[in-house]
Amino acid sequence: MDAPGFTASLVAGGVAGAAVDLILFPLDTIKTRLQSPQGFNQAGGFRGIYAGVPSAAIGSFPNAAAFFLTYEYVKSLLHTDSTSHFRPMKHMLAASTGEVIPFSLVQFPLWESLKALWSWRRGRVVESWQSAVCGAFAGGFAAAVTTPLDVAKTRIMLAKAGSSTAVGNVLSAMHGVWRSQGLAGLFAGVFPRMAAISMGGFIFLGAYDQTRSLLLEVGRKSP
């Protein structure tokens with residue numbers, strides 16, 4: 001990746017990360033409280049849902065910047081033809097090097113595939129708002145299928161020190177939720193999670209594409 005692409009991905013990723021945290025941080029707090037074994041009201045309800053928003057936005061800027069820089073760099077190293085059947089694998093690998101979580105392995109290949117399909121139907125590259133729509137669909141789907149893992153992570157984080165759940169075994173935590181609450185427990189908070197991440201995907205990926213396009217355009221026009 002050339003210097004303008006390097007800078008554009010770095011800055012655009014940071015802007016996108018800060019934007020999504022500023023807007024959607026409260027929904028994530030609500031989702032976490034819904035998944036708490038204490039119950040929503042005992043975990044805090046709607047109290048203080050904006051606490052920590054500024055620090056989260058500041059912290060997300062470098063993280064998102066590093067993620068997208070890595071993502072775009074690995075994509076450039078693994079360049080394949082636009083019709084290649086290996087393109088989804090390339091996007092999965094690029095996402096996993098930026099952030100090793102199952103969510104990204106679902107969201108980013110789906111986002112790229114939806115953009116490619118929309119581009120093919122239109123006969124030209126999608127615009128930023130269309131990329132944002134693809135990001136919303138990809139994020140919502142990824143959020144739904146990875147909710148049990150998110151529930152397990154939340155239970156581990158909130159578990160009492162020394163308990164079997166606090167050890168950090170995700171499969172064990174999921175099994176415990178299944179035994180006590182069944183399928184409904186494993187998918188607790190799925191709709192707020194889908195709503196938050198769908199909106200997050202729209203803002204995050206749309207802002208990234210828009211900012212990166214603007215920066216690259218400015219770079220092309222600069223002497």
Side-chain angles (χ1 to χ4, degrees), residues 1 4-31 53-54 56-76 82 87-88 90-92 94-99 101 103-146 191-221:
M1 197 162 42
F6 178 97
T7 304
S9 296
L10 192 69
V11 176
V15 169
V20 77
D21 267 351
L22 284 171
I23 297 170
L24 298 180
F25 185 88
L27 280 177
D28 189 62
T29 301
I30 292 171
K31 180 269 300 179
V53 169
I58 292 171
S60 67
F61 188 100
N63 290 335
F67 171 80
F68 272 111
L69 177 62
T70 305
Y71 180 70
E72 296 290 353
Y73 182 69
V74 173
K75 277 173 58 179
S76 69
S82 60
R87 289 180 73 244
K90 177 185 74 171
H91 297 141
M92 289 178 69
S96 68
T97 54
E99 188 176 1
I101 54 173
F103 180 86
S104 293
L105 298 182
V106 177
Q107 182 190 30
F108 277 81
L110 183 56
W111 175 53
E112 297 281 7
S113 297
L114 290 172
K115 287 196 300 178
L117 178 61
W118 202 338
S119 296
W120 174 73
R121 293 290 298 271
R122 296 177 71 242
R124 58 190 176 91
V125 176
V126 295
E127 298 174 15
S128 296
W129 72 267
Q130 294 164 328
S131 175
V133 171
C134 293
F137 276 101
F141 179 79
V145 300
T146 59
F191 293 114
R193 175 173 162 82
M194 287 179 66
I197 294 180
S198 290
M199 286 188 285
F202 185 91
I203 297 166
F204 187 54
L205 299 175
Y208 173 73
D209 262 6
Q210 179 65 31
T211 305
R212 189 171 188 271
S213 296
L214 288 173
L215 291 172
L216 290 174
E217 184 65 25
V218 170
R220 282 192 292 268
K221 291 180 178 178

**Asked** Under the side chain to side chain contact (heavy atoms under 4.5 Å, CB included) criterion, do Leu110 and Leu114 qualify, and how do the steps go?
**Response** CA-CA 6 Å; Leu110 183 56; Leu114 290 172; 4.0 Å; yes

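- Between Arg193 and Thr146, some side-chain heavy-atom pair lies under the 4.5 Å cut-off.
- Tyr71 and Phe67 have parallel rings, their planes meeting at less than 30° on a 0 to 90° scale where 60° marks the start of perpendicular.
- Between the side chain of Ser119 and the backbone N or O of Val126 there is at least one donor-acceptor pair closer than 3.5 Å.
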Stepwise side chain to side chain contact (heavy atoms under 4.5 Å, CB included) check, Phe61 with Asp21
CA-CA 9 Å; Phe61 188 100; Asp21 267 351; over 6 Å; no

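- In this structure, Ile203 CD1 and Ile197 CD1 are separated by 12.5 Å, a value rounded to the nearest 0.5 Å.
- Considering every non-hydrogen atom in both Ser128 and Gln210, the closest pair reads OG-OE1, 2.8 Å.
- Residues forming a side chain to side chain contact (heavy atoms under 4.5 Å, CB included) with Val133 (at least two apart in sequence, or on another chain): Trp118, Trp129, Phe137, Phe202.
- Between Phe68 and Phe204, the angle of the ring planes lies from 30° to 60°, which puts this pair in the tilted group.
- Using a distance-only test at 3.5 Å, with no hydrogens or angles considered, a donor-acceptor pair links the side chain of Ser60 to the main chain of Gly17.
- Listed by chain and residue number, nothing satisfies the side chain to side chain donor-acceptor pair (under 3.5 Å) test with Thr211 (two or more places apart in sequence, or in another chain).
- Closest approach of Gly140 to Ser198, counting heavy atoms only: CA-OG, 3.1 Å.
- Looking at Arg212, its side chain never comes within 3.5 Å of a backbone N or O of Ala12 through a donor-acceptor pair.
- Distance check: Met194 CE to Met199 CE gives 11.5 Å after rounding to the nearest 0.5 Å.
- The one candidate from Ser213, Ser9, Ser131 that meets the side-chain contact (heavy atoms from CB on, under 4.5 Å) condition with Tyr208 is Ser9.
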